[in-house]
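Report on the following structure.
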Amino acid sequence: MQLIDLYIQEVGRHLPEKVRTDIQQEIRSLIEDTLEDRSRQQGKAPDDEMVVEVLKKLGPPEKIAASYLPPRYLIGPNLFPYFITTLQIVLPIVVILTALSLGISLGQTAQTAVGAGEMIANVVGGVFDALFHAVGIIVVIFVVLQYATPQLETRLRSKEWDPRKMKPGPDPKRVKYGDLIVDAIFSLIAIALFNLYPQLIGFNAFRDGHWVTATVLTVAFFQYLPWLTVLWALQAGYDVTLVARGYWETATRIAAIVLHGFSIILLSLMISGPSIVALDPQALANLGWNISNPQVVLTAGQALATGVRIGMGIAIAVNVVKLGQHLYRLLLYERLQIAGFTR
Amino acid sequence: MEQDQHIDNLVQELRRGVIVLAILSQLQEEQYGYSAMKQLADQGLNIDQGTLYPLLRRLESQDLLESKWRLEDSRPRRYYVISPHGRQVLHSLQQEWSQIVATMDTLLSEQERK
């Protein structure tokens, strides 16, 4: 009979203290009744073998204990849709804000950064760190709501629902034509501007019957220009293709990921290399400007270079976010949709 | 084999829906858990021990049953009996059950005729 005591004890370990003794007593009574019945049927006194049979039929202690308890959730089924909605709202905001702040700070310090790879790793690592923190905090909030305010769940369950209040959601697979057309136009303008008229990116003056130019673009920029041109051309071609197709497909998602990856690598190289912009006091003097203190111009040039690096840092952050969005849509979204986690 | 399991699950689900009604109907007089289970089994409704005992407690917490411990042959047993509120609920459930049976009879006989 020692087995019965062990079994009862083990069941008790899985029960709340408040009801433990009562349920343990009831299970003991059930076991003894069953044994008594079997003993009568088999015409012999209960033995260990009979006890084993009865306990086996009852099942593992944790299972029988669980059958006495209401279903326990970290976040209950009524709160769960609100939990998912909160994640869908908060997480993109966290990603954007973190990526932006990291991009800006890295943009400012890129001159001393060890390399582009380390910088990307810092941005991505920082974003994931912030994401895990945000998910953790949201989970804790919902767990507290679940346990501290059980009446909230009841209220949510009984909330009056009106089918007329339903709104059609946007089709996530449909492309946004406006964004793509603007993107394609800007890519083509960039190709033309930087390849054909780079002198326009700077200061110009009409002197002695002809235009004099002081470009702010450095030699370093023109080393990157062929790659930038390839990127803009691919971007424009991609935008036009997507507009023509009208819907997101696996191939276009992969192409978007490749393009964003290409942009991140190129921008990282540019941000961590020599400055792509600078102000030349001599070139500005040639415009007819009165440069009494060249140091002021050089300082202004450094400020401009820092501003451009910050801009590139922000661009990297935006690309990281967009790449993440495409990965999510490609790998997770449809699975979550099938599981009913997203609309 | 998988098909059999599937049918078995559906049958269990069907039975689960009538367990409360069955238990309330059998506890007009005091009974301890095991005897109620035997009585239901003798009449063709087998209920697993792990289902019946927690359900009895749940019905008691819903004021549908009343219970008290009693010492019999130096062994404590918990006896359950239907409460006044449980009788009202049983009456409503019986009416609902009669309607369900009538509706299902109609539906199934229509299906047989096709």
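Lettering of chains follows the sequences in order, A, B, ..., and the numbering in each one begins at 1. These figures come from a predicted structure and were not determined experimentally.
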Checklist entry - If you look at every heavy atom in Tyr53(B) and Glu26(A), which pair is closest and at what distance? => result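 Heavy atoms of Tyr53(B) and Glu26(A) come nearest at CD2-CG, 3.7 Å.
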Checklist entry - Can you say whether Ile23(A) sits under 4.5 Å from chain B via the side chain, the backbone, both, or neither, judging by heavy atoms? => result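 Backbone plus side chain of Ile23(A), per the 4.5 Å heavy-atom cut-off to chain B.
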Checklist entry - Where on Ile64(A) is there a heavy atom nearer than 4.5 Å to chain B: the side chain, the backbone, both, or neither? => result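 Only the side chain of Ile64(A) comes within 4.5 Å of chain B.
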Item to check | Modelled atom types, side-chain donor and acceptor of Tyr32(B) and Asp33(A), under 3.5 Å | outcome: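 Per modelled atom types, Tyr32(B) and Asp33(A) side chains form no pair under 3.5 Å.
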Checklist entry - Is the shortest distance from a Lys or Arg side-chain nitrogen in Lys38(B) or Glu36(A) to a carboxylate oxygen in the other one below 4.0 Å? => result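 A salt bridge is absent here (no side-chain N lies under 4.0 Å from a carboxylate O).
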Next on the checklist: Assess whether a salt bridge exists between Arg77(B) and Glu32(A), defined as any Lys/Arg side-chain N lying under 4.0 Å from an Asp/Glu carboxylate O.
Outcome noted: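 The answer is no: the pair does not qualify as a salt bridge.
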Around [X], counting heavy atoms of other residues, nucleotides and ligands shown, do more than 12 lie under 6.0 Å from its [atom1]?
X	atom1	result
Arg70(B)	CZ	yes
Glu49(A)	CD	no
His91(B)	NE2	no
Glu72(B)	CD	yes
Glu17(A)	CD	no

Next on the checklist: So, taking the atom named CD in Gln49(B) and the one named OG in Ser67(A), what distance separates them when rounded to the nearest 0.5 Å?
Outcome noted: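 So the CD of Gln49(B) and the OG of Ser67(A) are separated by 11.0 Å.
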Next on the checklist: Working to the nearest 0.5 angstrom, can you tell me the gap between Ser29(A) OG and Tyr34(B) OH?
Outcome noted: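 Result: 11.0 Å between the selected atoms.
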Item to check | Between Val19(A), Asp22(A), Leu69(A), the one whose heavy-atom pairs under 4.5 Å with chain B are most numerous | outcome: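 Between Val19(A), Asp22(A), Leu69(A), the count favours Asp22(A).
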Checklist entry - Is the shortest heavy-atom distance from the side chain of Tyr68(A) to the side chain of Arg58(B) under 4.5 Å? => result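 No; the side chains remain at least 4.5 Å from each other.
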